[in-house]
Amino acid sequence: GGNSVNETSSSMRVYVRIRPQNPKEIENNTRSIIQVVDENVLIFDSKEETEPFFFHGSKQNCRDLQKKQNKELNFGFDRVFGCNSSNEAVFEVSTKDIVKSLLDGFNCSVFAYGATGAGKTYTMLGSNTVPGITYLTIVELYKQMEILSSEKEFNLGVSHLEVYNENVQDLIQPSGPLHLREDSNYGVRIPGLSLHRITNADELFALMAKGNKNRTQHPTDSNAESSRSHSVFQLYIRMTNKLDRNLKIMKLSMIDLAGSERGSATGCKGMRFTEGSNINKSLLALGNCINSLAGGLKHIPYRDSKLTRLLKDSLGGNCQTVMIANVSPSSNSYEDTYNTLKYATRAKKI
Ligand code: ADP
Ligand code: MG
């Protein structure tokens, strides 16, 4: 059609995941502000009280009569995961087929976006008993590599870093701050970043868990200051064709973003963003890159932050990108959830 700006080879699939209400929200009997309509649609701030948020027999039905009229806004996404969805279910829909893209030679990235406590780390990393989608994706990758093993040879290496206050730190072998280099042959390089060979998904999970312990924000710590680090886990795949020795290098980036509660890059009204103030620069820059890609602009401001410089070769272009927007269903998180849904909606246009 005539609308060619949206028909570039880049694509972003956008999912929303709603976590269950936590014990505190249940105890306070907070109102649920999201109604899941079907697989693709949710209503934010609906007039109706809805079934999925009954939990442990307590009914989340306390309408606040003081409140202004409900917004009752419809949002559509590639998929909406309700509060009963498992990490497996999210994986099946969101990242399983990314493995195919990787083995077809594309860089892929997966972002977990959302406010602190919305479920980003639960989704990406998970725990020993409930592994997250990174682990599940790598298990699938090993399955697919096995199928190809008569034709192809594979070498896998992983790195895990964090971007905190615009400093890049190695999470597996912590050292001083690291610097980014742009290399015309290899894309973005980070001299000094440790790279670790892995031979199965369990080794990867162990490395990730170790890396997360070294995060400025411990994943279970909801301390406001420390929720401003981005965790970037990268998997490099070297795939050699056994017949002609042709080598391809692909990269999968799994990014557990800083909490979006401040400077949420949604351009929400009444908030003024100025550089150097209490804003997460990388999160803001990511939003600007996403908006530029979505608008079909030629100039994408990758250079504006460490995170976007780092992901320049994994965002836009021929990359497969997935965003999982994590939200809480509770009225306590009204603004955060609203901002996250708006940010995710904008990303969908890429
Ligand atoms: P974030 O990383 O976005 O700050 P977390 O992933 O740490 O948030 O989640 C906050 C809390 O909610 C954690 O205790 C986590 O175990 C729990 N949680 C998040 N998502 C889910 C879910 N889908 N099902 C069950 N518990 C969840
Ligand atoms: Mg977290």
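Keep in mind that the numbers below use all heavy atoms, side chains included, and drop hydrogens, waters and symmetry copies. We count ligands from 1, going down the list as the structure has it; atoms in each ligand are counted the same way.
- Residue P20 approaches ligand 1 through these ligand atoms, each under 4.0 Å from one of its heavy atoms: 21 (C), 22 (C), 23 (N), 24 (N), 25 (C).
- The closest approach between a heavy atom of T116 and any atom of ligand 1 is below 4.0 Å.
- The environment of CZ in R197 is sparse: at most 12 heavy-atom neighbours from other residues, nucleotides or ligands sit within 6.0 Å.
- Near R17, meaning under 4.0 Å from one of its heavy atoms, ligand 1 places the atoms 23 (N).
- Salt bridge absent: R13 and D78 never bring a charged side-chain N and a carboxylate O closer than 4.0 Å.
- Between the Mg ion (ligand 2) and T121 there is an N/O/S contact shorter than 2.8 Å.
- Residue S85 does not touch ligand 1, judged by heavy-atom distances below 4.0 Å.
- Some N or O of Y122 is nearer than 3.5 Å to an N or O of ligand 1, by distance alone.
- Between D304 and R309, none of the side-chain N atoms (NZ, or NE/NH1/NH2) sits under 4.0 Å from a carboxylate O, so this pair counts as no salt bridge.
- Ligand 1 has no atom lying under 4.0 Å from any heavy atom of G114.
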message: If you apply the rule side-chain hydrogen bond (donor to acceptor under 3.5 Å, both in side chains), what do you find for S94 with R79, and how did you get there?
response: CA-CA 9 Å; S94 67; R79 186 66 70 101; over 6 Å; no
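- Aromatic ring orientation, Y135 versus F205: perpendicular (interplanar angle above 60°, classes split at 30° and 60°).
- Classification of E25 and R19 as a salt-bridged pair holds, one side-chain N sitting under 4.0 Å from a carboxylate O.
- Counting atoms of ligand 1 from 1 in the listed order, those under 4.0 Å from a heavy atom of A115 are 3 (O).
- Taking distance alone, with nitrogen or oxygen atoms compared against 3.5 Å, I18 stays at or beyond that limit from ligand 1.
- Following chains of ILVMFWY side-chain contacts shorter than 4.5 Å, one cannot reach V99 starting from F106, and the two form parts of different hydrophobic clusters.
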